[in-house]
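Remember, it's a predicted structure, so these values are computed and weren't measured experimentally. Remember, it's 1-based here, ligands and their atoms both numbered in the order they're listed. Hydrogens, waters and symmetry mates are skipped; everything else that's a heavy atom, side chains included, is used.
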Amino acid sequence: MAAYNFHRKIFEDPNNSTDPTDSCFFQCDQEKNPTGNCLSICSLLCPTYCNDTDSSPPPPPPLSHHSSLSLPLKISLVILILTFSFFLLYTLYKFYTVWYRSRRRRPPPPPSPENQETHDEFLDQDVLDHPIWSHTNCPLCRAGIVKNESSNLDDLRQTEEITHVAVSITDESNGEERRTEDDNRSSELIIGVADEEADKGNNEFLNMRRSVSLNDYAACRVRSDVYNNKNYYSDRHDYHTWFVCWCIFYPSYHNLHASQVLHVVPTLATCVDPLKMNSVKALAESPDLNHIPSIYAYSVNSTEPPASDLQDAIPTIDFSLLTSADPDLRSKTIQELDMACKDWGFFQVINHGVPEALMNMVIEKSAEFFDLTDDEKNEFEDKGVLDPIRYGTSFNTKKDGILYWRDFLKVIIHPEFHSPNKPLGFREVLLEYSKKTREVVKGLVSGISTSLGLDQAYVEKALKLESSLQILVVNLYPPCPQPELAMGLPPHSDHGLLTLLINNGVSGLQIKHKGKWVNVNNDLPNSFLVNTADQLQIFSNGKYKSVEHRAIVNNAVTRLSVAMANGPSPDTAVEPAYKLVTEERCKPEYHPMKYEEYVAMQQSNKLDGKTCLDKVRV
Ligand SMILES: O=C(O)CCC(=O)C(=O)O
Ligand SMILES: [Fe+2]
């Protein structure tokens, strides 16, 4: 119909006829239409003249601006196409990466003669994705695994019993993909190989080769074993062999050659099987221990100068004067206490009223506890930070990374009293010691309350000290064959208000004084070493700072220390003293936090300077 109308227009009578038959007659007229070409419909009308039908294609439709796409529509269309393409590409990419990763996580195929390492054509390949070649199934034990934060290869090498291989777990991804999902540690392993020349002093450790020799799966296993598995020592033998099954070690990064593949040698072949150790005491007592397993290798901050001996004497507080009826004597002692807390965070307390015999018994019974059999001690094995009695090693093996040369026993002795039932008499000694030390703390706290410009009983009441949380911490530091490479307890501040420390007469404590580490020797008999701790820093709004300290070890004798941590009541939300903040018109520098939560936070993390305090800082 449209075509008809259209043709009609072309042949339209100039007289504007509207009848279609008019138009046909027009075409049938020889004069008007000399070609004789008519519309097919017209040839019906005049068949004699219209000998041909019009077969010419209809002329193109007249141009209309409505039929072309408008500019905004075109733009939208382009955007739509681009978006769709991008989406398609992204999906493909995602799919590829997921598939690629899952492929890399798959355990490697079992070793077979064909995939034994025999050629070096893999040099130009993506080594991370290269199949793992099996090697002899000789055990590489845990001693070969260290967390080497400093990457100080010299230190690392010294800690190894062998010269052939060292394996370390690193936190650094150094640009390579991190592969852990559950936390931010990298599962990458670094393999370091010392060649024969290293022993002759000509060469350092050769270049470290990362993640090549161990496949991803092995790396993950090692990571989770070292960091997460509490029973690692006792029951991880499967990993032990598994690990080495998939190891191959290259002597050089740049000059790989099959013939240079070294054999993995047990790192502690002459010592003990470290997988069986659950205390540093057991390790230290093993015969022929000449080197520490590298899991104990501690990297000191190389920018810090070594600790020095004290130039000035640690302040001494005569407790009997603090509680004296003579107001002058008391106020003079309070001033000394104020200076000690401000300038040192550490002081000795004499004439405190705790019988010397009792203090000696605490040391004696504590030592006896560590002499119990493994089975007896393991009854109190550390099961979690809220456990009232916890026996363990290092600080928090789940988080430490490396291990500290220390075994410990922690007992909550107030507000609820707990005690191991062995050794005989330990319980009674601890109960008495708890009572006596709380009296000392009460006296010191009332002096501190006054020195802060508060009422004598202000701190005691505000922090509910009648229900104070008192935790006894016994630290055992056995002799260490390489004391310069190990650490008893790393730098930290204590969580409570005041810690009362005694030891068995062996020194090893260092405190940070005016920015430098200094040795603390207990030269006063029958005295307590007292240090200010985090809750005091919070409550005094930073006027008194908790002091950082650490414990080093020696190669001659066992050191034993007993730290009595005294804090507020567990349910007290500690914050800067209201009176201090309002009267001195200063802003509180710390957020409130329940003391028990603070303790749990400190104990469940890595012991690391004053990082816990930083978490409640405003
Ligand atoms: O062993 C020492 O002297 C220090 C112990 C210590 O700092 C602690 O148990 O918190
Ligand atoms: Fe401490």
What protein heavy atom is closest to [atom], reported as residue, atom name and distance in Å?
atom	answer
atom 5 (C) of ligand 1	Asn475 ND2, 3.3 Å
atom 2 (C) of ligand 1	Ser561 OG, 3.4 Å
atom 6 (C) of ligand 1	Leu489 CD1, 3.6 Å
atom 4 (C) of ligand 1	Leu509 CD1, 3.7 Å

request  = With heavy atoms of Ala563 as the reference, note each atom of ligand 1 found under 4.0 Å away.
outcome  =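 So the answer, numbered in order with elements, is 9 (O).
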
Query - Distance filter under 4.0 Å to Leu501 heavy atoms, resulting ligand 1 atoms - result: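 Here the atoms of ligand 1 in question are 3 (O).
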
Exercise. Could you check whether the rings of Trp344 and His513 sit parallel, tilted or perpendicular, using 30° and 60° as the cut-offs?
Key: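 Parallel, since the angle between the ring planes stays under 30°.
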
Would you say the side chain of Pro415 lies within less than 4.5 Å of the side chain of Pro570, judging by non-hydrogen atoms?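 The answer is yes, as the side chains (C-beta and beyond) meet within the 4.5 Å cut-off.
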
Less than 4.0 angstrom from a charged side-chain N to a carboxylate O is my criterion; do [X] and [Y] meet it?
X	Y	result
Glu439	Lys442	no
Lys461	Asp455	no
Arg390	Asp387	no
Asp338	Lys342	yes
Glu285	Lys281	yes

Handout entry: Any Asp494 heavy atom less than 4.0 Å from ligand 1
Key =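 Contact present.
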
Below 4.0 Å from ligand 1: does a non-hydrogen atom of Phe408 turn up there or not?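 Not so, Phe408 does not reach ligand 1.
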
Measuring from atom 3 (O) of ligand 1, which candidate in His549, Arg559, His492 has the nearest non-hydrogen atom?
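Selected option, by shortest heavy-atom distance: Arg559.
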
request  = Taking the Fe ion (ligand 2) as the vertex, measure the angle between atom OD1 in Asp494 and atom NE2 in His492; round to 10°.
outcome  =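 With the Fe ion (ligand 2) as the vertex, OD1 (Asp494) and NE2 (His492) sit 90° apart.
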
N/O/S atom name from His549 that is nearest to the position of the Fe ion (ligand 2) =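 Restricting His549 to its N, O and S atoms, the minimum distance to the Fe ion (ligand 2) goes to NE2.
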
query = Picking from Arg438, Lys435, His414, what satisfies side-chain hydrogen bond (donor to acceptor under 3.5 Å, both in side chains) with Gln470?
reply =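 Output: one option passes, namely Arg438.
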
